Structure formats: structure tokens, C-alpha cells
Chemist: 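Quick one: this structure, given as C-alpha cells, is what I'll be asking you about.
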There are 2 protein chains.
Amino acid sequence: MDRNDMDKVVSLKRLKVACRACSLAQLCLPVGASRDDIERLDAIIKRRRPLRRGEHLYRTGDRFHSVYLVRSGSIKSCVPTDRGQEQVTGFHLPGELVGLDAIHVEEHHCGAVALETTSMCEVPFPQLESLAGQVPGLQRQMHRLMSREVLRDHEHLLMLGKRNAEERLVTFLITLSNRFHERGYSAVEFRLSMSRGDIGNYLGLAVETVSRLFTRLQGQGCISVDRKLVQLREPERLRMLAGVRPLEPDPRSYHGQRS
Amino acid sequence: MDRNDMDKVVSLKRLKVACRACSLAQLCLPVGASRDDIERLDAIIKRRRPLRRGEHLYRTGDRFHSVYLVRSGSIKSCVPTDRGQEQVTGFHLPGELVGLDAIHVEEHHCGAVALETTSMCEVPFPQLESLAGQVPGLQRQMHRLMSREVLRDHEHLLMLGKRNAEERLVTFLITLSNRFHERGYSAVEFRLSMSRGDIGNYLGLAVETVSRLFTRLQGQGCISVDRKLVQLREPERLRMLAGVRPLEPDPRSYHGQRS
DNA sequence: CAGATTCATTGACTGGGATCAAATTTCACC
DNA sequence: GGTGAAATTTGATCCCAGTCAATGAATCTG
């Protein structure tokens, strides 16, 4: 049995898990839904073959027909620039909804790529909308998830607009830590499924800067890093580094602060 | 009749305009709705007293109960940092929906401030959700508007993550130009309702940098600026400056590009 | 398992934009 | 219409993070 077959077995096992039995249900679309409603949701969800690392879930310009719930693994979203660059706009962990950006013009404006072997549930959007019209709880939860997307983007904007390199990386680590914790994983030790390049891109920093910061933070004893594995050694100190600062002596105006 | 009274007369006149007679209907919630549906929407919308420059529509932490449609004037949204700074996350023009960010936790995480005398329609969210459940077209339009918000934020992220100061300002001007044009105003001459400080904050630049860039662009003849009034003299050249670049000689990898 | 390719780290150097400072203009409010 | 506060502009200087370069570690491929 080679690697490929292994994946299949694991994934088929996962595919059988219905919403009502899914450990992610409390983070996902069915939050607060009744048993009956969950079964109706179950009925429209398609289980998909898992993606392998680097495979696209969809690309910029693809026609929009479904949103996707990450079941295991992780996904990055990227928007392309006019010139061939791209900006990573987010990383998506299990229980999170991917593809919401596309509703506006029925076309994906950002691409989604698996960062590791990743399985998810596909939810055809027209059917989801129709069901949401009948099930107020589902509609509400959809709105909350979309709104959370906006909230995340605003935090991200704040990061790029107002924080320096160190604050960005530390904030990134703390945020990841919180998200892992919510999902029942350790808050102080986790694996980064994305490359240094992805992190730098997401944070608006050069790869070299990310690497230097990891080294420096490790030297200071705040964290320890071994390849993709990160441990937060002094979460409190990290929280300080992330932005809580001694008050400015004279905060009468914008002066003395970053734009 | 002083300035104050003038405002009142104008606003009262505006207040009478129902959705079915509103010139913004094609940009706003009622897009594609039937006459009957528009009347139902009309029934739940509250007209509000216009805000004056600097007044808050809502503040960070306020309880969420309504979303708002800008009718005339303009609004900025800001998220606060831990330390007392803030990041401007967007400017909202007539026909745009404000307050969508708050659905997630039933509380506004960003504040909204009028940049000039601004009138809008208030739409109580529970009633909007309930109506959307009955009117598929309205539900769809709501989703599109929320999705557009995400799309805008992604463009903004791309701006802060990948563009230099000049590209940011020029892109900002072009985007504004397009939005004014959609609303039936001139695409080449418009008034900036926000301060240089707001622009800098939005673009992740210092006020001084924004000012210098305006001066430089004017010196190059691309634009002319007089206080708040901007004219785009050479839209084509601006589009070049915004990002369309001669191709890199050897784009084999990420090297030679910004992170 | 060897070679190739991508990814990560480290060092040296540079420059774009922030910061500091100050003059000038604009605007809001009596 | 005058006055004080706020906004804008301009100049001088500095520094953080980007760029370039090179080496080393990890991972893919046949």
C-alpha cells in the first residue's frame, strides 16, 4: 500500500462523517441548528476527494458555484496583482468557510491552494442560499461567518497598516495559537503548515525578515522554532511584543505614533 | 437662512425619497427586486437625521442592531488598536452598505464617522434578515454586498502588502474615480471628503508622504490638486503608475519582486 | 540513493518612507 | 471678519526592512 492509497483510506473514512457526527460542528455552519436542520444541510453537502499539498481548490477567475468547509488540513487564499505577484489574504483551518469572496460577481477573485493534504465539504451555493431562506438559524450563521471574514480582514489590514515587522510576526503567532486552541489543539506548540514565504507574503514582509525574526525571538527565549514546529515559551511576553506598549508620554495628537 | 438651515431643508427633502424613487436604487439593496418587494423593503427602512461632519454613526463596541445605506455624503470606518491608534478600513459613498462587519458578535468592531454632512437609511438587521428569507433576490443582493466588502478589503490588503507609496496613492485615486463615475459624477474631477491624514492612515503612509506625493504628481502633470479638489489630468499615465509595469526580464521566481 | 530543486538562514548594504521640526495655509467658531 | 486650532506643506535626517548574494538544509524525483 503506497502513500497514495493510504490517503484514500483515511479520506474515505473521513468522508463518511456527517455533519451531525462531525467534531467541527460547533465551529462550522450547523452551529445552533436543530437535528432536523442539520440533516437537511447534510443532504446538500458533497464530500470531496482530499487535495494534496499545492493543489488548487479553485483559481482566480473560476466560476463560483460552491463554498467549502475545511474539514482537516489547511488552505491559503491569494489574490493576484496586475504584475505576476500575489498577496496571501488568509489561511483557513478546519471548521472555516472558504470561497465567500466570490459571491459578488459569481467568479472567484482569489485562488485557494492546499498547504497540506486537506479534506473539505463542498456546499453548492444556490442550494445553501435556498436552505438558508427556510432555516433562519442557518442564514444567521452564514451571515456570521461572512462577517467574521470581514473582521479577520480588518485585523489583517491593521497589521499591515500599523504594525512593524516584529509585531506582525508575533501577532500572527498569537492568532494562530488562539485558533488552534479553539480547535482543541495545543495553544503553545503547533506546526506551521505554510512556508516562510507564505508567512512573509501574508504579513507584507520579505522572507529574509521573517527568518531573521524567528531567529531573534528564539534567541530571546520567547519561542523556539524547529523547522515548521513552533513553541510559544513565554506567551505573556509575546503578548507584550505584539503591541501592548507603555503609554506615550503626551498623546495629544497623532504625532509620536505611526500614521 | 444660514448654512445650518440649508442643510436641514436639503436633508428633509431627501428624507422623503422612498426606495422606489431613489436614484441610488441600482447600486443599493433593491437591485433586481420587484415593485412589490421594494415596498416591503421600504416599510422596514428608517430615515435618519443626517450626521454632521465628525459625528459618529456608531462606535467600536456599540451594540449591533442595524445596517446603514449611505444616501448622500460619505463615511469612514476605523478599527482601533490596543494602543490608541486606529486604522481606517474604508470610505463609503452613496449606495454603499455600512455596518456589515458587526454581525458576527452582534457588536460593532469598527467605528463609523461622517466625513461631511451625510444622510443615510437605517435598516434594522433582524427585519432585514427576516425579509431576506422571504425574498430570494434580496437575500442574494445582501450576500453580494457583503461579498463586495470582502473583495474591497482584499484589494486594500494587496495595496498595503505589495505596493509602494506612489502606487498606493495613485490606485486610491483611480478607485475613487471609478466609484464616482459609477454614481454619475465626473471621473476626472472630484472632491476628497477625507483629510490627508485619513488618506495616509487608509494607505498605511505618513501624512507627510501623502502630501509630498500629491505635490510630486502635480509637478509631473498627472493630476492637479487644489486643497480637497482633485483633477486627473492624464488618467492613462496614472494607470501606468498604479502598477502596470514593463515585464521583469527574468521572472523565474519570486526574486526581484516585493515579498 | 544521488542529483536537483526548492526552502531557509545569515550577512552586508541600501534606500524608501518615517520621523522630527518648523513654516504656512485653511478652517471653525465667535 | 478676526482669532486660535487644526490641517497641510516642505525640508533635513535617520532607520527599519528590503534587496542582493551566498551557503546550508530539506524535500522531491527518477
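In the text below, chain A, chain B and the rest are named by the order of the sequence lines, each starting its count at 1. Reckoned from all heavy atoms, side chains included, excluding hydrogens, waters and symmetry mates. It should be emphasised that the depicted structure is a prediction, and the values quoted were computed from it without experimental measurement.
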Chemist: Record whether the side chain of B:Arg212 comes under 3.5 Å of the base of C:dG16 through a donor-acceptor pair of N or O atoms.
Modeler: no
Chemist: Quick test of your reading: applying salt bridge (charged side-chain N to carboxylate O under 4.0 Å, His left out), list the pairs with at least one residue in residues 218-230 of chain B, sequence neighbours left out, ordered by first then second residue.
Modeler: none
Chemist: Rounded at 0.5 Å granularity, tell me how far NE2 in B:His154 sits from CD in A:Glu149.
Modeler: 5.5 Å
Chemist: Nearest whole Å is fine: how far is C:dG16 C1' from B:Glu167 CD?
Modeler: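 After rounding, the gap between these two atoms is 12 Å.
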Chemist: Go through the structure and list residues passing salt bridge (Lys or Arg N to Asp or Glu O under 4.0 Å) with A:Arg216, not counting sequence neighbours.
Modeler: A:Glu166
Chemist: Going through the checks in order, is the ring-ring contact (aromatic ring centres under 6.0 Å, His included) test met by B:Tyr202 and B:Phe91?
Modeler: CA-CA 9 Å; B:Tyr202 177 77; B:Phe91 301 108; 5.0 Å; yes
Chemist: Identify the two heavy atoms, one from A:Ala165 and one from A:Thr209, that lie closest to each other, and give their separation to 0.1 Å.
Modeler: CB-CG2, 4.0 Å
Chemist: Could you measure the distance from the CG atom of A:Asp198 to the OG atom of A:Ser193? Nearest 0.5 Å is fine.
Modeler: 8.5 Å
Chemist: Calculate the interatomic distance between A:Glu208 atom CD and D:dT23 atom P; express it in whole Å.
Modeler: 16 Å
Chemist: With a 4.0 Å cut-off on heavy atoms, is A:Ser195 in touch with a base, just the backbone sugar-phosphate, or nothing at all?
Modeler: sugar-phosphate
Chemist: Of the listed nucleotides (C:dA18, C:dT9, C:dT19), which one gets closest to any side-chain atom of B:Leu205?
Modeler: C:dA18
Chemist: Just wondering, more than 12 heavy atoms not from B:His181 lying within 6.0 Å of its NE2?
Modeler: no
Chemist: From the list D:dA17, C:dT19, C:dT9, which nucleotide is the closest neighbour of the side chain of A:Thr209?
Modeler: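 Looking only at heavy atoms from C-beta outward on A:Thr209, the closest nucleotide is D:dA17.
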Chemist: Would you mind telling me which of D:dT8, C:dA12, C:dA8 lies closest to the side-chain atoms of B:Arg196?
Modeler: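 So the nucleotide nearest the side chain must be D:dT8.
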Chemist: Find the distance A:Asn164:CG to C:dG17:C1' and express it as a whole number of Å.
Modeler: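 For the pair A:Asn164 CG and C:dG17 C1', the rounded distance is 15 Å.
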Chemist: B:Gln218 CD to D:dT9 P: how many Å, rounded?
Modeler: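 Rounded to the whole Å, the gap is 9 Å.
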Chemist: Look at the side chain of A:Glu166 and the base of D:dC16, then say whether one donor and one acceptor between them are separated by less than 3.5 Å.
Modeler: no
Chemist: For nucleotides 24-30 of chain C, just jot down a letter per nucleotide in 5' to 3' order: B, S or -, based on protein non-hydrogen atoms under 4.0 Å.
Modeler: --SSS--
Chemist: Of the nucleotides C:dT19, D:dA17, C:dT10, which one has an atom closest to the side chain of A:Ala165?
Modeler: D:dA17
Chemist: Please list, chain by chain and in numerical order, all residues satisfying salt bridge (Lys or Arg N to Asp or Glu O under 4.0 Å) with B:Glu189, sequence neighbours excluded.
Modeler: none
Chemist: Let me know the distance between CD1 of B:Ile199 and P of D:dA7, rounded to the nearest Å.
Modeler: 13 Å
Chemist: What's the CD-P distance between A:Gln85 and D:dG18, to the nearest Å?
Modeler: 13 Å
Chemist: Under the side chain to side chain donor-acceptor pair (under 3.5 Å) test, which residues partner B:Ser77, sequence neighbours left out?
Modeler: B:His92
Chemist: Please report the end-to-end axis angle for the helix from C:dC1-D:dG30 to C:dC30-D:dG1, five pairs per end, rounded to 10 degrees.
Modeler: 70°
Chemist: Please state how far atom CG in B:Leu160 lies from atom C1' in C:dG17, giving the value in whole angstrom units.
Modeler: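 Checked: the CG to C1' distance equals 14 Å.
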